[in-house]
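Worksheet for the structure shown next.
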Amino acid sequence: MQLRDALDDYKRHAGDGTRFPGERRTVSGRFSGGNGRLVHVGDDGELRDFGYPLTGRTGLVRSRIGLAVGDEVAWLDEAETSQRYVGDTALVETVHETPRATVTRHDLTLGDAHLTRASVEFADGDVDPADASLVVYARFAPDGRDDRVGQLRYDDAVEVYHADERDFLASATGFADLRGQLPATFPELLDDDPTELPRDRDGDRYEEERLSGEVIADVPFDDGVATVATLLTDRAETDREAARERLADLFADLDDVDALAEAAADALPSVPESAPARESVVADLRVLSLLSAPSGLRIAGPDFDPYYEHSGGYGYTWFRDDAEISGFLLGAADAVDLDLDDWHARSARMYVDTQRPDGSWPHRVWPRNGALAPGWANARIEDGPDVDYQADQTGSVVAYLARARATGVDVAGLDATLVAALAGLDRTLEPDGRPVVCQNAWEDSAGRFAHTAATFLEAYSELARHGEGLSVDALDDPDAVPGAASLPDDLAAHARDRAREVYDALDDLWVPERGCYAVRETLDGGIDDRLDSATLALAAAHRSFDALGAADGESGAVDDERLDRLVSHVETVVDGLSHETDDIVGLIRYEGDGWRRADQLSEKVWTVSTAWGANACAELAALLAAHDDPRAAEMTARARDLLAHVSPGGSLCEPTTYLPEQFFDDGTPDSATPLGWPHAIRLATVALLDDELPQFADRAAADDD
């Protein structure tokens with residue numbers, strides 16, 4: 001998104017009650033992509049690239065497509081439009097009903113290329129197809145620039161370049177006309193009204209033909225079909241001859257809808273027909289693939305606010321979100337019969353590569369290469385106190401890596417990474433058994449949080465369960481990792497002891513008056529007893545801890561008093577954070593949450609929190625069932641009820657099958673869309689309910705009746 005676009009959107013939406021001006025929203029429309037370039041196909045048909053964090057290439061920042069008949073152009077974004085995904089793929093079909101014709105588009109992103117195939121059916125028999133063409137307006141920003149940009153013209157393509165990035169627009173049928181255009185001028189930017197683009201040709205501005213990233217092309221139809229493609233390249237990796245050959249091959253190989261659909265199907269994991277809640281599972285895997293870089297790391301969501309006007313940005317990898325997603329995928333793969341081995345290995349490899357020398361992981365990184373990204377929680381890299389550090393991120397990564405090791409994921413350096421991480425966890429665990437003062441999961445306050453403790457409990461428990469054979473000898477130089485040299489010989493037993501310490505220390509946060517665990521101990525030593533959906537992580541963490549006892553042949557490690565407290569906590573949090581209006585039902589993030597309310601007076605509903613509630617109820621149900629506790633049935637029913645709100649057809653799931661981060665009370669979706677984290681939670685919860693709690697399905701069906 002260029003500043004010109006942000007200002008244009010500001011003019012269009014300033015003063016709106018539920019839209020924040022200056023953003024490039026993706027709450028409507030659908031994405032195409034997977035493991036690389038990410039292209040948004042708006043519900044009006046506009047194409048925009050969102051894949052810079054994934055590939056380092058900016059590509060398309062604006063576009064419009066129109067149908068020209070003679071001298072008249074009908075812009076498709078002004079026509080009545082419908083849109084869908086084709087089957088289980090990321091092939092987007094968009095149908096535009098113009099006054100003269102029906103235009104059916106198929107958009108597919110493959111690697112760094114994107115193809116748009118448009119077929120036209122005229123309503124009037126008197127229209128000569130030879131008089132019609134597809135009009136394509138495209139603005140590229142190579143290297144993220146809209147200045148110092150040039151164009152090179154070919155018979156069937158145009159190359160837009162700055163320094164390293166070279167972007168191509170090509171047509172399978174060549175160009176009937178091709179011209180350039182300068183970006184919005186200063187007077188246009190200062191005008192109160194937004195600028196309508198593209199403009200008419202200006203014969204006095206000869207330089208605009210070559211000195212901008214904006215192109216307007218007339219593309220002839222051939223037997224009612226016109227196909228255009230864009231390709232993003234780096235000059236050091238792909239020369240222009242190879243780029244043009246790639247485009248020619250794409251046009252030759254993908255010359256009809258069936259070929260596009262076949263190519264799209266090969267890009268996503270296959271989901272068995274027998275999979276539970278299959279539509280939901282397909283949608284979740286599609287989203288998680290869309291948000292993934294070739295490295296395996298994922299952005300949290302498409303970056304709708306690159307200027308940080310109303311947020312801190314979303315086009316980065318947070319190790320909390322990413323490792324939680326990896327863990328959910330690892331747990332769900334076998335249950336749903338998914339082949340995700342490559343995904344598991346890629347994630348583990350990147351976590352190994354991005355670990356810091358002290359055993360921790362940084363705030364956020366660029367997913368394409370793991371380099372440090374802009375952030376505000378890098379205390380362990382900067383000088384000074386470590387308060388602005390998110391210790392839960394390290395806990396989440398450790399839990400995943402320990403589980404991955406147990407399932408056979410084998411990447412170089414994995415054992416050394418786990419040993420260094422164990423030393424890092426120990427250094428951030430206070431003598432009382434709870435983690436140090438740090439930032440919370442929501443990144444908006446500091447203290448000693450129950451959620452952070454939950455991630456430590458789970459990390460230590462998984463290391464204890466799956467740490468057989470781990471040794472300090474895995475480190476090349478134990479003295480180079482703070483605290484590693486003093487670790488005992490039996491690291492699994494040490495992790496077990498630490499898990500017990502955290503388990504016992506959680507009693508410090510129990511609030512009997514509310515029947516729940518406090519969200520945190522504050523900086524002055526007080527107890528913040530507000531309800532917070534992040535504390536729902538305690539359910540899964542206790543289930544991991546309970547498995548330690550089961551591994552020793554006991555009934556479990558969680559005692560009856562703790563089970564009672566967990567049931568009370570989950571019920572209190574779910575009931576206390578539940579919010580219902582005429583349009584939506586779900587959980588708010590935490591009591592007193594004021595972020596992105598706009599004109600709304602109360603807290604907004606979050607899909608992450610709602611899905612987390614469903615998963616926590618399911619995890620607790622499985623824990624209760626392992627203890628032959630009859631409360632498992634009721635907790636399973638709660639899980640299914642909450643899951644329904646974020647499932648296809650639920651009030652928090654868009655018709656696109658996407659889960660936006662938040663909703664206003666009137667049902668307006670907001671913020672990053674789709675957000676990867678709730679999609680992974682949804683997938684894991686579906687798998688857990690089907691695989692481990694099927695004995696309660698009859699009761700759920702009876703309750704529905």
Side-chain angles (χ1 to χ4, degrees), residues 32-39 41 45 47 49 51 55 57 59-60 63-68 76 86 89-96 103-121 129-130 132-138 140 142 151-161 165-179 215-234 237-267:
S32 184
N35 294 321
R37 188 177 176 188
L38 181 62
V39 177
V41 186
L47 300 176
D49 268 293
T55 66
R57 294 166 194 150
L60 278 169
S63 72
R64 291 186 86 185
I65 297 179
L67 175 66
L76 301 185
V86 177
T89 73
L91 175 63
V92 181
E93 179 184 88
T94 310
V95 180
H96 306 276
V103 180
T104 302
R105 285 176 44 190
H106 288 87
D107 283 276
L108 179 64
T109 306
L110 291 173
D112 283 334
H114 180 87
L115 282 88
T116 299
R117 182 186 190 273
S119 62
V120 61
E121 293 184 11
S133 63
L134 195 71
V135 182
V136 179
Y137 162 67
F140 296 92
Q151 299 178 16
L152 297 175
R153 305 283 180 81
Y154 313 103
D155 290 341
D156 58 357
V158 58
E159 174 186 345
V160 179
Y161 63 94
E165 181 179 336
R166 293 170 171 172
D167 301 334
F168 292 80
L169 170 69
S171 163
T173 53
F175 298 129
D177 185 43
L178 183 67
R179 63 187 175 90
V215 177
I216 302 97
D218 280 358
V219 178
F221 286 102
D222 180 9
D223 197 20
V225 175
T227 303
V228 295
T230 59
L231 179 67
L232 313 185
T233 70
D234 186 289
E237 299 173 5
T238 307
D239 62 36
R240 57 178 52 93
E241 289 74 19
R244 295 184 65 192
E245 288 178 9
R246 169 95 190 281
L247 289 163
D249 290 343
L250 287 170
F251 288 138
D253 296 340
L254 305 175
D255 59 349
D256 58 30
V257 176
D258 289 341
L260 287 170
E262 184 177 349
D266 292 340

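Between the side chains of Ser171 and Asp156, no donor N or O sits under 3.5 Å from an acceptor N or O.
Scanning all heavy atoms of the two residues, the minimum distance from Asp256 to Arg117 falls at CA-NE, 3.8 Å. Here the shortest heavy-atom pairing between Leu254 and Ala259 reads CD2-O, 3.6 Å. Among all heavy-atom pairs drawn from Phe175 and Val158, the shortest one is CE1-N, 4.2 Å. Taking each heavy atom of Val92 and Ser32 in turn, the nearest pair found is CG2-CB, 4.4 Å. Heavy atoms only, all atoms of each residue included: Pro220 and Ala176 are closest at CD-N, 3.8 Å. Arg246 and Ala113 get closest at one heavy-atom pair: NH2-CB, 3.9 Å.
Here the CZ-CZ distance, from Phe140 to Arg166, works out to 15.0 Å after rounding to the nearest 0.5 Å. In this structure, the separation between CG on Leu169 and CG on Leu178 is 7.5 Å, given to the nearest 0.5 Å. In this structure, NE2 in His114 is found 12.5 Å from CG in Leu231, a value given to the nearest 0.5 Å. Expressed to the nearest 0.5 Å, how far OG of Ser63 lies from OH of Tyr137 amounts to 9.0 Å. To the nearest 0.5 Å, atom CG of residue Leu60 and atom CG of residue Asp49 are 5.0 Å apart. Arg37 contributes atom CZ, which lies 8.5 Å from atom OG1 of Thr55 (distance to the nearest 0.5 angstrom).
You'll find the side chain of Arg240 reaches within 4.5 Å of the side chain of Phe168, heavy atoms only. The side-chain heavy atoms of Asp112 and Glu237, taken from C-beta on, include no pair separated by under 4.5 Å. Considering only heavy atoms from C-beta on, Ser119 comes within 4.5 Å of Val225 through its side chain. Side-chain contact check for Arg105 versus Ile65: some heavy-atom pair is nearer than 4.5 Å. You'll find the side chain of Val135 reaches within 4.5 Å of the side chain of Ile216, heavy atoms only. At a threshold of 4.5 Å between non-hydrogen side-chain atoms, the residues Asp107 and Leu115 do not count as touching. The shortest side-chain heavy-atom distance between Thr173 and Thr227 does not fall under the 4.5 Å cut-off.
Looking at Glu165, its side chain never comes within 3.5 Å of a backbone N or O of Leu232 through a donor-acceptor pair. With hydrogens and angles ignored, the 3.5 Å screen pairs a side-chain donor or acceptor of His96 with a backbone N or O of Leu76.
Other residues, nucleotides and ligands contribute only 12 or fewer heavy atoms inside 6.0 Å of the CG atom of Asp155.
Exactly one residue among Leu152, Thr233, Asp167 makes a side-chain contact (heavy atoms from CB on, under 4.5 Å) with Tyr161. That residue is Leu152.
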